[in-house]
Every structure is written in C-alpha cells, then in structure tokens.
J.: 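I have a structure I would like to understand better, so I am pasting it below and will then ask my questions one at a time.
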Amino acid sequence: MAGVPIGGRVTVTGKAFEVVGLSEGTFSMGNSVVFMAKSDLADLMSAHGTVSYILVDALAGEDPAALAERIERKVDKVSALPRERFIRNDYQLAMQMGVEIIAFMTLIGSALAAVIVAFTAYAQVSRRRRELAIAKALGVRNREIYAAVTAQTVLVTALGLAAALAAVWGL
C-alpha cells in the first residue's frame with residue numbers, strides 16, 4: 001500500500017477503505033503492516049473475538065520491557081514484546097524465509113552449473129575424438145589423455161566462474 005496518500009482508497013479482500021494516516025518506523029521485512037479498526041478486521045477475516053496483534057502505547061517514561069512483562073503477567077495467553085524485540089523477531093523471520101529460498105536457488109544453480117560443465121566437457125571431447133584417437137595411436141597413454149581433458153575442463157570452469165564473479169561484482 002506504499003504510495004497511497006492520506007485520503008486515498010485501498011481495497012482489502014474486496015472491501016474499500018480510506019487511508020486516514022500513515023505510520024513511521026513500522027516497516028516489516030517479512031509482512032505487510034496495516035493498522036485498522038478491530039471490528040473491520042474481524043469482518044474481513046470472519047474472526048470475531050480473535051486478535052493477532054494489539055499495539056499498546058506506553059506512558060511517557062515507562063520502560064517498554066517492564067510494560068511487556070506486566071502485560072504477560074496480567075493477561076492469559078498473550079505474548080507481549082517491546083518494539084526492539086518485535087523488530088528483531090521480524091528480521092529473523094525474514095532472514096529464515098530468505099535463507100531457505102536462497103539456499104534452494106543456490107542448490108538448483110549449482111546443479112545446473114555442474115550439468116553445463118559436464119555437457120561442455122563431453123562436447124569438447126566428442127568434437128576432438130579424432131585428434132584424441134590419433135594421439136592414442138601415437139602412444140599417448142589414457143592417463144595423459146584424461147589429465148589433458150580434466151585440465152581443460154577445470155580451466156573452462158575457472159574462466160566461467162571468474163566471468164560470473166566479475167558480472168556479480170559489476171552488478
């Protein structure tokens with residue numbers, strides 16, 4: 001809902017709402033943060049009597065950690081978090097979500113890179129099959145041919161990696 005001015009309208013699950021204010025310092029990496037009347041949210045979610053978050057404004061000079069502790073003591077089945085801890089938890093959640101996606105993408109990218117390297121090595125050897133046969137006929141041992149093919153594959157892989165790192169660094 002970024003970019004919607006005060007007085008603008010937003011639609012949430014088919015129902016239009018007017019933006020009556022903007023908050024500052026409420027950015028969430030893992031979720032969108034929208035403040036709305038509890039009754040409107042209950043209607044939208046068909047969840048009367050259920051609350052996910054309640055924003056509590058502490059009195060001037062009151063310690064947020066002490067207030068959160070007092071709320072947890074006096075209200076059953078509630079977790080109260082001071083602002084800093086809430087932000088830290090949200091950041092950790094976003095990092096966990098992002099790390100899993102990035103790890104999966106890295107795994108797929110690595111597998112794809114291995115297939116490309118293997119195919120390139122195979123194509124290189126297939127194209128040079130006659131040359132390798134002549135080298136073998138001249139007495140070059142299999143071990144030397146394998147070493148040459150492996151060295152070429154490692155060189156092509158290293159050059160590809162260097163080009164990829166240069167591209168990433170440039171971006």
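Computed over heavy atoms, backbone and side chain alike; hydrogens, waters and symmetry mates excluded.
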J.: Under 4.5 Å side-chain heavy-atom separation, chaining through any Ile, Leu, Val, Met, Phe, Trp or Tyr, what else clusters with Ile101? Say none if it is isolated.
T.: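 Cluster partners of Ile101: Met105.
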J.: For atom NZ of Lys15, decide whether the heavy atoms of other residues, nucleotides or ligands shown that lie under 6.0 angstrom number more than 12.
T.: yes
J.: For the atom pair OG1 (Thr150) and CG (Leu155), what is the distance rounded to the nearest 0.5 Å?
T.: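 CG of Leu155 is found 12.5 Å from OG1 of Thr150.
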J.: Are Val78 and Leu67 connected in a single hydrophobic cluster, I mean Ile/Leu/Val/Met/Phe/Trp/Tyr linked by side-chain heavy atoms less than 4.5 Å apart?
T.: yes
J.: State plainly whether one hydrophobic cluster holds both Leu22 and Val12, where clusters connect Ile, Leu, Val, Met, Phe, Trp and Tyr through side-chain heavy atoms under 4.5 angstrom apart.
T.: yes
J.: With a 4.5 Å heavy-atom cut-off, do Val20 and Ile6 have their side chains touching?
T.: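 Side-chain contact under 4.5 Å: no.
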J.: Taking side chain as C-beta onward, heavy atoms only, is Val149 less than 4.5 Å from Gln124?
T.: no
J.: If we ignore hydrogens and angles and just use 3.5 Å, is the side chain of Glu144 paired with the main-chain N or O of Arg141 as donor and acceptor?
T.: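 Side chain of Glu144 to backbone of Arg141, a donor-acceptor pair under 3.5 Å: yes, one is there.
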J.: Indicate the atoms forming the closest heavy-atom contact of Ala80 with Ala68, along with that distance.
T.: CB-O, 3.4 Å
J.: Does the side chain of Leu44 reach to within under 4.5 Å of the side chain of Phe17, using non-hydrogen atoms?
T.: yes
J.: Identify whether Val75 and Val56 are in the same connected component of the hydrophobic contact network (ILVMFWY, side-chain heavy atoms under 4.5 Å).
T.: yes
J.: Nearest 0.5 angstrom please: Lys136 NZ to Ile134 CD1, how far?
T.: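 It is 14.0 Å, given to the nearest 0.5 Å.
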J.: Do Val154 and Val117 belong to the same hydrophobic cluster, where Ile, Leu, Val, Met, Phe, Trp and Tyr are linked whenever their side-chain heavy atoms lie under 4.5 Å apart, directly or via other members?
T.: no
J.: Once rounded to the nearest 0.5 Å, what's the spacing between atom CG of Leu81 and atom CD1 of Ile71?
T.: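 Here the interatomic distance stands at 10.0 Å.
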J.: With heavy-atom distances below 4.5 Å as the criterion, would you say the side chains of Pro64 and Arg83 are in contact?
T.: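 Side chain of Pro64 against side chain of Arg83, heavy atoms only: no contact under 4.5 Å found.
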J.: Would a single hydrophobic cluster contain both Leu41 and Val4, if residues Ile, Leu, Val, Met, Phe, Trp and Tyr are joined by side-chain heavy-atom contacts under 4.5 Å?
T.: yes
J.: With a 4.5 Å heavy-atom cut-off, do Leu93 and Asn89 have their side chains touching?
T.: no
J.: Checking Glu18 side chain against Arg9 main chain: does a donor-acceptor pair fall under 3.5 Å?
T.: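 Checked: no pair found.
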J.: Using every non-hydrogen atom in the two residues, find where Pro5 and Val19 come nearest and quote the distance to one decimal.
T.: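 Distance-wise, the nearest heavy atoms are O-CB, 3.7 Å.
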J.: Going by the salt bridge (charged side-chain N to carboxylate O under 4.0 Å, His left out) test, which pairs reach into residues 47-64, not counting sequence neighbours?
T.: Glu62-Arg70
J.: Contact between Leu132 and Val125 at the side-chain level, heavy atoms closer than 4.5 Å - yes or no?
T.: yes
J.: Atom CZ of residue position Phe35 - does it have more than 12 heavy atoms of other residues, nucleotides or ligands inside 6.0 Å?
T.: yes
J.: Please assess Arg73 against Glu69 for the test salt bridge (Lys or Arg N to Asp or Glu O under 4.0 Å), listing each intermediate value before the final yes or no.
T.: CA-CA 6 Å; Arg73 268 196 325 267; Glu69 200 174 294; 3.6 Å; yes
